[in-house]
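These notes concern the structure reproduced below.
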Amino acid sequence: MSQGIAERARLLREQINHHNYRYYVLDNPEIPDAEYDRLYRELEALEAAHPQLVTPDSPTRRVGGKPLESFAPVAHRVPMLSIHTETDIEASGALNFDARVRRELKLKDSDPPIEYACELKFDGLAINLRYEQGVLALAATRGDGETGEDVTQNVRTIRCIPLRLDTPSPPPVLEVRGEVFIPRPDFERYNEKQRESGGTPLVNPRNGAAGSIRQLDPAIAAQRPLSFYAYGIGETAGWETPASHSGLLDALRELGLPVSGERAVVQGPQGLAAFHDDIGRRRDSLPFDIDGVVYKVNSLALQAKLGFVSREPRWAVAHKFPPEEELTVVEAIEVQVGRTGALTPVARLKPVFVGGVTVSNATLHNQDEIDRLDVREGDSVVVRRAGDVIPEVVAVVKDRRPQPEPARFQILQRYPACPVCGSHVMRQPGEAAIRCSGGLYCPAQRKQALLHFASRRAMDIEGLGEKLVDQLVDLGLVRTPAELYKLGVAKVANLERMAEKSAANLLAAIEKSKRTTLARFIFALGIRNVGETTAKDLARHFGSLDALLAADADTLMQVPDVGPVVAESIAQFFAEPHNREVVEQLRAGGVSWPETAPQRKPLGALAGKTFVLTGTLPNMTRDEAKDRIEAAGGKVAGSVSKKTDYLVAGAEAGSKLLKAQELGIAILDEEALLGLLRPEAQGKLDF
DNA sequence: TGGCCTCGAGTTCA
DNA sequence: CTCGAGGCCA
């Protein structure tokens with residue numbers, strides 16, 4: 001064995017002990033759990049390969065951290081063990097566990113599948129509740145598994161934990177084991193309140209739970225929205241233990257203890273894998289954080305037969321999901337210039353695998369966010385990506401900041417001029433954003449304006465994407481949207497990857513876009529504060545472009561949902577001679593739409609009705625459904641509220657459906673929607 | 001003036 | 001999808 005390996009093991013032990021202390025004692029970890037797990041696994045592997053390296057005080061030799069001296073120590077009558085973590089994150093982890101169990105039980109392939117109880121692995125703090133004669137007598141943390149801390153006072157404040165078991169004939173002794181945690185919605189609400197009152201918010205639900213249980217003052221613990229789920233038992237006396245794990249949980253629930261409903265009894269390895277997949281899919285919609293699932297052999301008799309390896313049961317395993325938080329390094333902070341000229345800071349990250357994808361960029365939104373996080377270039381940061389949510393920088397690990405410290409990051413200081421066009425940048429009073437003053441002179445803004453103009457909901461020029469726009473602008477071929485309509489084969493042929501076929505396709509798409517609607521045209525202009533909906537309102541209200549061009553701010557305010565701010569944006573846009581010129585060039589270039597008489601009230605079968613769409617409809621895209629509802633005079637809103645008349649729900653409908661049900665809003669499927677859209681349904685709307 | 005409700009705008013990766 | 005802010009109504 002080389003000197004290097006012994007040294008590495010020593011270093012790992014030191015680090016792990018340090019992080020244990022931060023995590024368990026101070027409740028103030030420096031690194032994400034995944035990083036800690038990696039250190040721990042490396043040490044485990046090292047010790048497995050070189051048993052002579054194992055020292056009695058190695059962190060792998062105990063389950064948790066040191067009990068706090070200020071709480072009375074409690075010796076567990078039955079040790080609180082930890083569960084082995086399946087290293088294989090893929091579904092095959094479930095198969096490995098089943099194979100090990102079958103081998104241990106010396107089963108043949110022809111023997112029937114084993115029955116398992118599956119449950120969630122909560123991300124909280126393990127607790128032992130001791131009921132004597134049915135009364136909660138003692139609550140203790142796990143500690144090192146043998147000895148924990150007496151936290152009875154704090155645990156008594158958790159409302160979902162019964163102080164007395166719900167049975168006329170309680171057993172003399174029943175120890176219940178489970179996890180204390182903070183549900184996510186409660187966590188958000190608590191932090192919201194803390195921020196409002198100027199208090200310190202909790203870092204995350206996991207630390208919030210651990211920290212609250214370790215509060216010396218039970219009054220503080222009582223303020224925290226703690227919750228509890230039972231998942232097992234410790235010492236019992238005079239209690240008739242059920243024959244299976246699932247039966248045991250049922251019995252605990254009968255006694256009034258909270259048991260998670262997210263559990264299942266399954267047969268064989270496929271059942272385990274199916275449970276893992278199902279929970280993995282729903283992980284982000286669960287109201288609490290979990291870091292995986294747990295499989296247990298359901299029969300307690302089989303459990304006894306399987307026994308333990310060192311300190312871990314052979315009959316249970318934890319199967320984790322990919323981490324949702326990871327540690328990485330901010331290699332640089334750059335800015336992007338958007339359509340409105342806003343300078344948006346972006347953290348360029350050392351690529352890191354988190355939440356199932358590799359993340360290399362994360363927006364920092366604005367200077368306020370940079371200040372809040374105090375993120376600097378070179379910092380180590382915690383990146384979180386849950387489900388489909390866009391990755392975010394959660395926190396900076398200050399202890400890992402490079403020395404000497406990099407300066408605080410100030411966008412204005414670093415970018416006194418726009419990085420794209422060199423125009424000066426400024427922060428308007430009352431606005432969070434810093435903007436480039438270059439307007440359409442700035443190539444970045446010009447590119448964004450063109451992309452917006454060509455986008456699907458605007459002029460819908462198919463195939464005119466970012467790469468093409470970059471080239472058109474960089475080569476100076478197109479400076480305004482109007483110049484798109486002056487492109488010929490000769491110019492397009494200059495572009496990369498643009499041979500005859502693609503050039504013809506692009507020109508055809510541009511040609512096709514000439515026939516459009518007034519609403520699309522107004523939206524395409526990219527007027528500040530005028531989105532799709534406002535553009536439609538304007539088109540309907542004025543009926544023609546000339547009427548809109550002639551309107552002053554006061555006239556504009558007569559349009560529903562247009563107030564002083566939006567009216568001013570529109571008036572300013574058309575007061576700019578350059579913008580009027582582009583509009584005229586577009587019309588001269590052949591862009592046209594059917595003009596109508598001004599319409600001050602929507603007409604049609606669905607006039608005055610508000611719809612919300614959710615999920616996937618069988619035979620229609622969302623856009624089609626939206627168009628048809630609007631064609632019939634209805635309005636399509638983005639979210640459900642009291643004002644919603646109908647929710648159109650397709651497959652995989654999510655939270656909107658729930659909300660609509662709560663509010664008692666009529667729910668339609670595709671067929672019912674088509675029924676409303678059919679002409680003969682007119683007049684039948686208000687049943 | 002305060003409290004909904006919407007709309008607009010910005011954003012990541014495969 | 002989510003945040004911030006504009007607009008409307010009580």
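What's counted below: heavy atoms across the whole structure, side chains too, no hydrogens, waters or symmetry copies. Quick note on labels: first sequence line is chain A, next is B, and so on, each numbered from 1.
Nearest heavy-atom pair across Val383(A) and Pro391(A) is CG1-CB, 4.5 Å.
Under the 4.0 Å criterion applied to side-chain N and carboxylate O atoms, Arg401(A) and Asp374(A) are assigned as salt-bridge partners. Between Arg283(A) and Asp289(A) there is no salt bridge, since none of the side-chain N atoms of the basic residue sits less than 4.0 Å from a carboxylate O of the acidic one.
In this structure, the CD atom of Glu392(A) is 12 Å from the P atom of dT12(B), given to the nearest Å.
Of the candidates dT12(B), dG7(C), dG10(B), the closest approach to any side-chain atom of Val346(A) belongs to dT12(B). Closest to the side chain of Asn361(A), out of dG10(B), dG6(C), dC13(B), is dC13(B). Of the candidate nucleotides dG7(C), dG10(B), dC7(B), dC7(B) has the atom lying nearest to any side-chain atom of Thr534(A). Considering only side-chain atoms of Thr358(A), the nucleotide from dG7(C), dA14(B), dT12(B) that sits closest is dA14(B).
Within the 4.0 Å cut-off from OP1 or OP2 of dT6(B), not a single side-chain nitrogen or oxygen of Thr533(A) is found. Between dG6(C) and Asn529(A), no contact under 4.0 Å exists linking OP1 or OP2 to a side-chain N or O. One finds no side-chain N or O of Arg528(A) lying less than 4.0 angstrom from the OP1 or OP2 phosphate oxygen of dG8(B).
Pairs of residues two or more places apart, or lying in two chains, that qualify as salt bridge (Lys or Arg N to Asp or Glu O under 4.0 Å) and include a residue from residues 542-556 of chain A are Asp546(A)-Arg587(A). Pairs passing the side-chain hydrogen bond (donor to acceptor under 3.5 Å, both in side chains) check and including a residue from residues 333-346 of chain A, sequence neighbours excluded, read Glu334(A)-Arg348(A), Thr340(A)-Arg435(A).
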Could you list all N or O pairs between the protein and nucleotides 1-5 of chain B that sit under 3.5 Å apart?
from, atom 1, to, atom 2, distance (Å)
dC5(B), OP1, Lys642(A), NZ, 3.3

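Across all strands shown, Lys635(A) has heavy atoms under 4.0 Å from sugar-phosphate atoms exclusively, and none from any base.
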